[in-house]
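First comes the structure, then the notes that go with it.
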Number of protein chains: 4
Amino acid sequence: MESKVGRPRSERAREAVLHAVDDLLVEVGYAAVTMKGIAERASVSRQTVYRWWSTKAEILLEASATDAEDELAITPTGDPLDDLTTYLQALINFLAHSHAGSAYRALIGEAQHDPDVAKLLADKDVLGDSARVVIARAVPACDTPQALEFATARLIGPTFFAIMSGRDPRQLDPQALARTFLA
Amino acid sequence: MESKVGRPRSERAREAVLHAVDDLLVEVGYAAVTMKGIAERASVSRQTVYRWWSTKAEILLEASATDAEDELAITPTGDPLDDLTTYLQALINFLAHSHAGSAYRALIGEAQHDPDVAKLLADKDVLGDSARVVIARAVPACDTPQALEFATARLIGPTFFAIMSGRDPRQLDPQALARTFLA
Amino acid sequence: MESKVGRPRSERAREAVLHAVDDLLVEVGYAAVTMKGIAERASVSRQTVYRWWSTKAEILLEASATDAEDELAITPTGDPLDDLTTYLQALINFLAHSHAGSAYRALIGEAQHDPDVAKLLADKDVLGDSARVVIARAVPACDTPQALEFATARLIGPTFFAIMSGRDPRQLDPQALARTFLA
Amino acid sequence: MESKVGRPRSERAREAVLHAVDDLLVEVGYAAVTMKGIAERASVSRQTVYRWWSTKAEILLEASATDAEDELAITPTGDPLDDLTTYLQALINFLAHSHAGSAYRALIGEAQHDPDVAKLLADKDVLGDSARVVIARAVPACDTPQALEFATARLIGPTFFAIMSGRDPRQLDPQALARTFLA
DNA sequence: CTTTAATCGAGACGGTACGTCGAGTCTTAAG
DNA sequence: CTTAAGACTCGACGTACCGTCTCGATTAAAG
């Protein structure tokens, strides 16, 4: 419920900030993205940035969550192996090559030592959500929450580990991963 | 080839820095560990820290690599399922509860947007090394490098993902994970 | 000539602002009085304050000018020495102990580097006006403007300097000052 | 007692700051002089400014105290009236026309609502010191501290008031003021 | 009894300085 | 040549106040 009195929030400023953070991420990398830099790039006052977001992680998440969801959504064919393979390929592309994915990896990294960022990601489980949809369709037997969680970790885990630990993503074979998952 | 003239490097200073990093990590957490703080805690000049290490990631890795190896090494029993279960339990403890493990998670995080840290971790693959040893013994069939890499990702991945993405480590069942790995 | 159409100026808002300034001056001191603070304390919008006053000096002067005049006005007895002594005592009280006086000192201070404030004070010579009245009655010989100006400086100056330069006002003896003035 | 270990204070930085504050005072006026502006003008880091001075008032005082003393020091002739007249002329020039004087007036102004500045000026009574020297020589009868204080206020006060309250300094007649003082 | 016009509150906006902190580097004297 | 000490430049931090700007809602006099 948002107040109706006072000057309304500037949609222009909101978008400028989100675009700025996207651009800066690509240009200078996550570490060099600063609240100051975002504000300047967006031609927005620092105060305005802080008014609506408290950390760069928050902005980054808002800026890339939609992209992430889009990149991880697949159109089901009915064939479990095909669907899982397609999903795993999308996951590899997302984590290893997409801008939204590199933002996401940076956020996961930050979450390891910043509880606020961890909370943020817990509230918006991009990876888990995308995987659960695919699994529910491909493996109907996975119907309890526990089983779903376990399957999610098994499906995403190997790819996630390989990329996060700096391994070469080209060595990853989505079909082999999918087959092993179904075994 | 190192010079032999002049005052020799102080071993006292080296150890003081490594201990200071360990202590600070526990007391204030990774994010609040600073080069300045390390130097002060170690009663060592800032210049001395910079002379021997170029980033806090380097110090951190040197300070916790040995601990990490110890915590991830298991004594084999001969039974593959038992060995894998023991290893996975050690992995869970390391990533979720150990100091060395939280340092390692932070480094993995940093590596996502800092190529220097990524290089550092690539040269010292703590997790992969520990897993390969276990796999080689438990699954002798895994004899090609590719198969070993694949198995490593399958063994470590699910646990790694679950903990890095902020899931509750108590939900992880090392025996179930081991059984699925062997299937 | 002010317009007669439209909503009339709110007398309530005007008084609330002046009272807020008075209160804030006492509570937090001149330096910490801000336009923002005044508006909030008066439960008035910032725009409303700016609509009617352009600087905090203006508000302050309007808020304390009447008090200042009252505090510096004396009832004549006919005896020059008595009148001057009474006046000087009032001047000491005003400059050293009164709220209106501390506002006035702050304004004089501001006037040293802000021409707008200097202009404001030139148009409303609180100190000079009060002194001229007393001098005209006590020293009828002072009848030219120049003589009056000179006498004003001689009468007010020593006290003004002592207090503005941070000397202890208890060391000031109004009767001695009055006697010396008449000499 | 200053420490002898560590890098010594940069004399270059110290002078650059003092000159910068002098220049800025003339160019933009006291109100627009900021710590940030001083640092930039002096090509010195903000941190360095804060390391040695805590407010712009402190820098200003250090930058103009010597000038002030020079401008208010007179060479005695032996004739009381001449000496006092010369001193009062110097006082008028200082307060009304000199850069050091305008800095001093600004500081006096600030002192009215900033106890720290008031303390600063109390420790370095530029005006009082200069007057006491002149009075001691011209009026040997003034030998008790109280008498000296009283005489100081009488000597400086009228001129001080006239200029601080925005009156035209050209109307001030140093000889007339000196004569009245001696009467 | 509706316009019309200026007010009011609330609060977001772009700016800019604040004082602090950590990053690295540099400059001493001491060992 | 290393060491501890500590000053140096640089640049981001998050906050505060500045003065301006949109809003919707009042409030009176004028039509």
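Below, read A as the first sequence line, B as the second, and so on, with proteins coming before strands; counting in each chain starts at 1.
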For A/A111, which residues count as a side-chain contact (heavy atoms from CB on, under 4.5 Å) partner, sequence neighbours excluded? A/V117, A/A118, A/L121
What pairs with B/R46 under side-chain contact (heavy atoms from CB on, under 4.5 Å), at least two apart in sequence or on another chain? B/K36, B/A39, B/Y50
All side-chain hydrogen bond (donor to acceptor under 3.5 Å, both in side chains) counterparts of [X], not counting sequence neighbours:
X	result
B/T66	none
B/T34	none
C/R14	C/E11, C/E62
A/S54	A/E58

With the threshold set at under 4.0 Å for non-hydrogen atoms, list the residues of residues 10-44 of chain D touching DNA chain E in residue-number order. D/T34, D/M35, D/K36
Do any of residues 45-61 of chain C sit with a heavy atom less than 4.0 Å from DNA chain E, and if so which? C/S45, C/R46, C/T48, C/R51, C/W52
Note: C/M164 and D/I108 closest approach over all heavy atoms is O-CG2, 4.0 Å
List for me each residue that meets ring pair (Phe, Tyr, Trp, His ring centres under 6.0 Å) alongside A/H99, sequence neighbours excluded, and say none if there are none.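 Ring pair (Phe, Tyr, Trp, His ring centres under 6.0 Å) check on A/H99 returns nothing, list empty.
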Contact state string [nucleotides 23-31 of chain F, B base, S sugar-phosphate only, - no protein heavy atom under 4.0 Å]: B-BBB-SS-
Donor-acceptor contacts under 3.5 Å from residues 19-29 of chain B side chains, at least two apart:
residue : atom : partner : partner atom : Å
B/H19   : ND1  : B/E15   : O            : 3.3
B/E27   : OE1  : B/R41   : NH1          : 3.0
B/E27   : OE2  : B/R41   : NH2          : 2.7

Sequence neighbours excluded - salt bridge (charged side-chain N to carboxylate O under 4.0 Å, His left out) pairs with any residue from residues 108-119 of chain A: A/K119-A/D123
